[in-house]
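One structure below.
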Amino acid sequence: MTTHITSGSAVLEARGFCKSLGGKRILNDVSLRVNKGEMKVLIGPSGAGKSTFLQCINYLIPPDEGVLFLNGTPVAPSVKRELYALRERVGMIFQDFNLFDHLTVQENVSIALVKVKGMNRGAAALRAMEELERVGLSRRASVYPAQLSGGQKQRVAIARALAMDPEVILLDEPTSALDPELVGEVSAVIRELARGGMTMILATHQMEFARALATEILFMDRGEIIERGAPAELLASGGNTRTRAFFCKLAAEEGAC
Amino acid sequence: MQESLETVFGAMPFILQGAGITAGTVLCAMLLGLLLGVPMAVGQTHGGSILRRAIGLYVWFFRGVPILVLLYLFYFGLAYQVSSLHFNLAGREFSVSFELSPFAASCIVLGLTSAAYQSQIFRGAINSLPAGQLKAARALGMRDSVAVMHVILPQALRLSIPGLSNEYSILLKDSALVSVLGTMELMSRTKAIATSTAEYTAFYVTAALLYFIITILGVRGLRRLEKTLRIPGYTHV
Ligand SMILES: Nc1ncnc2c1ncn2[C@@H]1O[C@H](COP(=O)(O)OP(=O)(O)OP(=O)(O)O)[C@@H](O)[C@H]1O
Ligand SMILES: [Mg+2]
């Protein structure tokens with residue numbers, strides 16, 4: 001735990017998040033802070049609460065307890081205006097893309113620019129094309145999501161989030177719904193974002209990501225963060241037994257353990 | 001036989017005019033049902049609990065009470081009673097009177113009934129959309145009203161067209177009931193002329209054919225609309 005207890009305020013800090021659903025405790029006092037340009041990787045078994053935590057951060061699922069700080073300022077999401085502003089500043093990428101099926105690729109990227117940021121259509125369309133260029137899909141701007149491969153869909157979803165110019169992006173297993181041969185193109189885009197200094201919180205099963213890009217790995221199980229540390233430390237020492245067992249299982253899937 | 005045909009042909013303009021009124025009634029009722037049904041469906045899926053309950057009651061009422069009862073209740077009961085209003089405003093007597101035509105009353109009753117059914121078609125379509133659509137819209141900072149207008153409804157309305165086609169053909173059949181108010185639509189004209197000429201078979205067969213044609217036209221039209229609006233590559237299951 002040597003990393004990032006720096007002075008100055010984090011871009012985003014979630015403090016003491018708790019959530020129960022259907023009488024079951026899903027999140028138990030989960031905290032996380034992320035500084036500019038960092039990538040925090042949440043890792044842990046299925047049902048650990050990773051998706052729930054990410055969706056609590058932008059209040060798609062309102063947490064029962066916990067405070068969110070953006071650049072050091074607490075957010076009051078009960079005030080609608082603050083809630084919308086928060087979501088504008090925190091982008092989200094979903095496991096199953098969630099593109100708007102009735103809109104073209106370009107409209108998917110531009111709609112929130114028009115309806116949320118109040119840009120005029122022309123400017124929004126141009127901006128959308130820039131972002132599509134960035135993920136290598138400007139040539140597919142006029143097709144519909146159903147005409148794209150999974151990897152392309154996820155890249156459009158990334159462009160859609162980037163167009164809003166977010167300060168942080170939350171990525172919930174962005175590659176796990178993809179066929180193996182399509183993972184690479186999405187990973188490459190995310191790697192590029194990391195290199196460009198984008199601040200990200202990523203939930204994944206992919207060790208490769210964690211190893212290569214994470215500034216910190218947070219191992220989550222049964223609604224709690226059990227261990228955290230720089231990838232080298234955590235992966236080398238193996239940490240506590242539950243963590244080690246999980247990593248070993250993952251490594252076995254990747255054929256390395 | 002020859003004679004019957006000649007009688008029918010002679011009465012054709014009269015009958016066709018009735019068919020036009022029938023089609024007009026159904027169209028008005030469908031539109032009223034759409035205008036009320038869409039917000040009702042949104043209220044039922046995304047509204048507060050009081051709103052949901054109110055809409056639920058509305059739906060049960062119109063599903064539970066026969067159209068014939070509603071027609072009598074509305075036209076001879078309610079509309080008749082409020083057709084002349086007297087009230088006192090700032091010390092002066094005002095009186096307003098208006099007459100609701102049987103056509104308008106028919107459109108309103110059929111439209112209010114259709115709204116109940118249409119709202120359930122739209123509600124089903126809204127609920128069949130993946131939850132991720134609303135989540136993604138919200139995650140981009142959209143207000144729920146914007147998300148509903150620009151993400152949910154455009155998809156739900158497309159999915160509703162087959163259900164609407166069904167509703168249209170049922171509504172068309174129900175429209176024969178409005179003859180009890182004295183609307184001179186297809187059914188009442190057929191009845192009148194069949195009775196006066198005693199050519200029952202010929203005229204009722206003609207009416208049946210005309211109802212059938214109006215059904216086909218509407219269903220075809222909606223089918224074409226569905227095709228026009230189809231999203232390339234998209235198959236919803
Ligand atoms: N609406 C709900 N009601 C009750 N329990 C829920 C609800 N949503 C999620 N859960 C439970 O919360 C727990 C955490 O779910 P979550 O999806 O956050 O886990 P996860 O870490 O993202 O798992 P995965 O790796 O499979 O995506 C699970 O046990 C799940 O069954
Ligand atoms: Mg998950």
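Within every chain, numbering begins at 1; the chains are lettered A, B, ... in the order of the sequence lines, protein sequences first and strands thereafter.
- A pairwise comparison of heavy atoms in A:Ala128 and A:Leu113 identifies N-CD1, 4.5 Å as the closest pair.
- Ranked by non-hydrogen atom pairs under 4.5 Å with chain B, the options A:Met92, A:Arg87, A:His102 are led by A:His102.
- In this structure, A:Glu131 pairs ionically with A:Arg127, as a charged nitrogen and a carboxylate oxygen lie closer than 4.0 Å.
- Both the backbone and the side chain of B:Ala137 come within less than 4.5 Å of a heavy atom in chain A.
- Heavy atoms of A:Phe94 lying under 4.5 Å from chain B belong exclusively to its side chain.
- For residues 37-54 of chain B, an interface with chain A (any heavy-atom pair closer than 4.5 Å) does not exist.
- The backbone N or O of B:Ala104 lies less than 3.5 Å from a partner atom in the side chain of B:Ser101, making a donor-acceptor pair.
- Neither the backbone nor the side chain of A:Arg89 comes within contact range of chain B, judged by heavy atoms closer than 4.5 Å.
- Within a 6.0 Å radius of NZ in A:Lys117, more than 12 heavy atoms belonging to other residues, nucleotides or ligands are found.
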- Message: Could you walk me through whether B:Ser106 and B:Thr183 satisfy the side-chain hydrogen bond (donor to acceptor under 3.5 Å, both in side chains) test, starting with their C-alpha distance in whole Å, then the side-chain angles of each, then the deciding distance to 0.1 Å, before giving a yes or no?
- Response: CA-CA 8 Å; B:Ser106 310; B:Thr183 326; 3.3 Å; yes
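- Enclosure of atom CZ in B:Arg63 by more than 12 non-hydrogen atoms of other residues, nucleotides or ligands within 6.0 angstrom is indicated.
- Your options are B:Ala139, B:Pro232, B:Gly132, and the one with the most heavy-atom pairs under 4.5 Å with chain A is B:Pro232.
- A donor-acceptor pair under 3.5 Å is formed between the side chain of B:Glu185 and the backbone N or O of B:Ser188.
- For A:Asp101, the parts lying near chain B are the backbone and the side chain together; criterion is any non-hydrogen pair under 4.5 Å.
- Contact of A:Val90 with chain B is made through the backbone alone, with heavy-atom distances under 4.5 Å.
- No side-chain donor from either of A:Arg155 and A:Gln152 sits under 3.5 Å from a side-chain acceptor of the other.
- Proximity to chain A involves both the backbone and the side chain of B:Arg143, based on heavy atoms less than 4.5 angstrom apart.
- Surrounding CE of B:Met149 are at most 12 heavy atoms belonging to other residues, nucleotides or ligands under 6.0 Å away.
- Only the backbone of A:Leu99 comes within less than 4.5 Å of a heavy atom of chain B; no side-chain atom from C-beta onward does.
- For residues 108-118 of chain B, the side chain to side chain donor-acceptor pair (under 3.5 Å) pairs, not counting sequence neighbours, are B:Ser114-B:Gln118, B:Ser114-B:Glu167.
- In this structure, the portions of B:Val151 lying under 4.5 Å from any heavy atom of chain A include both its backbone and its side chain.
- Closest approach of A:Cys56 to A:Leu27, counting heavy atoms only: SG-CD1, 3.8 Å.
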